[in-house]
Amino acid sequence: MNIAHTAVPPLSPELIAKFRSIVGDKYAVTDQAEIVPYVTEERDLFKGRSPLVLRPGSTAEVSAICHLASAHKIALVPQGGNTGLVGGQTPHNGEVVISLKRMDRIREVDAASNTMTCEAGVVLAVAQQKAAEADRLFPLSLGAEGSCTIGGNLSTNAGGTAALAYGVAREMALGLEVVLADGRILGALSKLKKDNTGYDLRNLFIGAEGTLGIITAATLKLFPKPRAIETAFIGLASPAQALRLLSLSQNEAAGTLTSFELLSGIAVDFSIRHGIDIRDPLASKYPWYVLMELSSPREDARATLEAILAAALEDGIVDDAVIAANLSQRQAFWKLRDEMSAAQKPEGGSIKHDISVPTAAVPDFIAEANAAVVKLLPGARPVPFGHLGDGNIHYNVSQPVGADTADFLGRWHEVNAVVFEIVLRMGGSISAEHGIGVLKRDELPEVKDKVAIELMRQLKAMLDPLGIMNPGKVL
């Protein structure tokens, strides 16, 4: 998908030399073959271009880059692990890329304060591991956690599979260090849970997708490490039954329910068909599945999970279930879930939606959206799955079998319109956790409160008056 904006003026050799002097020759990339990984993304949906990729190693270097870019009106695109799904990390029109991957230092783990301070380029899985080594939990968990970075997670306000219990990325950050467009450094790496000294500037930058400044470090919340984790894979008849199971689980688990994933039968079939070493956990096929997990500070999680499933079976809520017997089986359950996005690719074109509606409305949303999409595109295959516990559904639509992929993807905005109409009517959001980027930028003014859009534009103009910070994204 090519995105057209105002053309970016060519970068002169003199300016390239000045940028190069900030980070050093080794970390200023101009060879186009080496730049390719920074201007493309895994789904091949967005293809960008850039004359220069800078890989700073410190906040001071990021500051110097922004200062120089501001002086010469050079557009910048900050980038973490390049795992974004809405084109927010892509230089669509020749902007300079600032890759934060070298800034990968854990500055401090403070177990007594239950905080960890790390730089923007720290890979999420590394942050999780460092917390575990201190007998703590950093609960943000995504399918891309082996490559996505903390800076990107915060810039997109990532959600993930544990948001039901711990919230989204915004709720896990206590403080930030941010480089502004003119090179000034906002030093707000607070460990405090209580700080009422004026405006909460931190939240301006979380979810802003690099359009207001570049997050270079963050102080994150840690939690007690669970002593027992129990995971179940469940077959059932419908999203309505899954909603009943969610209510039962929340009532009985007393705050230990940490994940509750709703999986359509077709999504499970795709993972089993196209994944490597993925097997069906149940003996029979079901129209819908739930992957649920309890995490407890005590050793009673299994008894609680068994009691929930026994009650659900007795009440006819679920048809079959299996509890992971060991860590290997638990990982197999989650691998089936984590491979769902990748497993759609061999099935042809996929039109993707990252939506949220009130949790109670999820069954009606899926039913209405399925009917509307198939009416618009006969033979289209809805592939819904996601985080039922917080109302976030990845409502993807795979092309009809044998259809022309380009023709199908050419209907992207038509499908969007049908799905988004239902989402908005139900009081939902067109972007639950992936962000706006360029993919949903043009729809945003139509669905966002008009005053909110005005304030967003005013904040952008104040913090980035030259429009050099990730231009053309979000707004």
Side-chain angles (χ1 to χ4, degrees), residues 1-5 8 10-11 15-16 19-20 22-58 61-62 65-66 69 74-105 118-127 142-156 158 209-211 214-216 276 338-339 341-346 350 352 409 434-435 437-439 469-473:
M1 184 177 290
N2 295 314
I3 305 296
H5 301 306
V8 174
L11 199 61
L15 268 178
I16 290 177
F19 280 119
R20 186 186 298 275
I22 294 172
V23 298
D25 289 345
K26 184 177 179 180
Y27 302 113
V29 183
T30 55
D31 184 282
Q32 286 300 307
E34 295 180 33
I35 285 175
V36 167
Y38 299 93
V39 298
T40 55
E41 42 88 46
E42 185 177 342
R43 292 189 299 165
D44 293 326
L45 190 61
F46 302 100
K47 299 181 186 298
R49 57 187 176 85
S50 176
L52 176 65
V53 174
L54 299 171
R55 302 179 60 222
S58 68
E61 289 183 1
V62 176
I65 291 168
C66 290
I74 304 300
L76 305 173
V77 174
Q79 189 178 100
N82 194 17
T83 60
L85 299 174
V86 293
Q89 79 279 19
T90 304
H92 296 287
N93 292 277
E95 300 93 337
V96 172
V97 174
I98 302 179
S99 171
L100 281 300
K101 278 190 170 183
R102 282 185 63 221
M103 295 184 60
D104 61 356
R105 189 164 59 95
C118 57
E119 294 180 340
V122 171
V123 171
L124 175 54
V126 173
L142 316 172
E145 61 193 29
S147 51
C148 65
T149 62
I150 293 299
N153 296 152
L154 291 170
S155 291
T156 57
E209 302 183 45
T211 61
I214 300 175
I215 296 172
T216 51
I276 298 173
D338 291 340
E339 290 294 318
S341 293
Q344 292 167 60
K345 196 168 186 177
S350 177
K352 301 182 182 296
L409 293 177
H434 292 165
V438 294
L439 187 64
M469 302 302 291
N470 213 6
K473 315 297 171 55

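Residues: numbered from 1 along the sequence shown. Just so it is clear, the structure is predicted and the values come from calculations on it, not from any experiment. Hydrogens, waters and symmetry mates play no part in the numbers below; they use all other heavy atoms, side chains included.
Under the side chain to side chain contact (heavy atoms under 4.5 Å, CB included) criterion, Ala69 pairs with Phe19, Ile74, Leu76, Ile468, not counting sequence neighbours. In this structure Gln89 satisfies the side chain to side chain contact (heavy atoms under 4.5 Å, CB included) test together with Glu41, Gln79, Asn82, sequence neighbours excluded. Residues passing the salt bridge (Lys or Arg N to Asp or Glu O under 4.0 Å) test with Arg105 are Glu119, sequence neighbours excluded.
Two residues are said to be in side-chain contact when any heavy atoms from C-beta on lie closer than 4.5 Å; Val123 and Lys101 fail this criterion. Two residues are said to be in side-chain contact when any heavy atoms from C-beta on lie closer than 4.5 Å; Asn153 and Leu124 meet this criterion. The shortest side-chain heavy-atom distance between Ile65 and Val23 falls under the 4.5 Å cut-off. Looking at heavy atoms from C-beta onward, Leu11 lies in side-chain contact with Leu52 at the 4.5 angstrom threshold. Looking only at side-chain heavy atoms (C-beta outward), Val86 and Val438 stay at 4.5 Å or farther from each other. Residues Val39 and Lys47 have side chains not in contact (no heavy-atom distance under 4.5 Å, counting atoms from C-beta outward). Side-chain contact between Val62 and Met103 is present, with heavy atoms from C-beta onward closer than 4.5 Å. Taking the side chain as every heavy atom from C-beta outward, Thr30 and Pro51 never approach each other to under 4.5 Å.
Taking both residues in full, the closest heavy atoms of Asn470 and Thr211 are given as O-CG2, 3.9 Å, listed atom of the first, atom of the second, then distance. Contact record, Thr149 with Gly80: OG1-CA, 3.3 Å, taken as the closest heavy-atom pair. Smallest separation of non-hydrogen atoms from Glu95 and Ser50: O-OG, 2.7 Å. Pairing each heavy atom of Ala75 with each of Pro471, the nearest pair is CB-CG, 3.8 Å. Closest approach of Ile214 and Met469 over heavy atoms only: CG1-CE, 3.4 Å. Between Glu34 and Val29 the shortest heavy-atom distance is CB-CG1, 3.6 Å.
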Chi angles and distances behind the side chain to side chain donor-acceptor pair (under 3.5 Å) call for Ser350, Lys352:
CA-CA 6 Å; Ser350 177; Lys352 301 182 182 296; 3.0 Å; yes

Give the C-alpha distance, both sets of side-chain angles, the deciding distance and a yes or no for side chain to side chain contact (heavy atoms under 4.5 Å, CB included) between Glu61 and Arg102.
CA-CA 11 Å; Glu61 289 183 1; Arg102 282 185 63 221; 4.2 Å; yes

Determine, step by step, whether Val77 and Ile98 satisfy the side chain to side chain contact (heavy atoms under 4.5 Å, CB included) criterion, reporting the C-alpha distance in whole Å, the side-chain angles of both residues, the deciding distance to 0.1 Å, and the verdict.
CA-CA 6 Å; Val77 174; Ile98 302 179; over 6 Å; no

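Rounding to the nearest 0.5 Å places OG1 of Thr156 at 8.5 Å from NE2 of His434. Atoms OG and CD1, on Ser99 and Ile35 in that order, are 11.5 Å from each other to the nearest 0.5 Å.
The closest donor-acceptor contact from the side chain of Glu145 to the backbone of Leu142 lies under 3.5 Å. His92 contributes a side-chain N or O that, together with a main-chain N or O of Gly87, makes up a donor-acceptor pair within less than 3.5 Å. Distance alone, capped at 3.5 Å, is enough to place a donor-acceptor pair between the Lys473 side chain and the Gly88 backbone.
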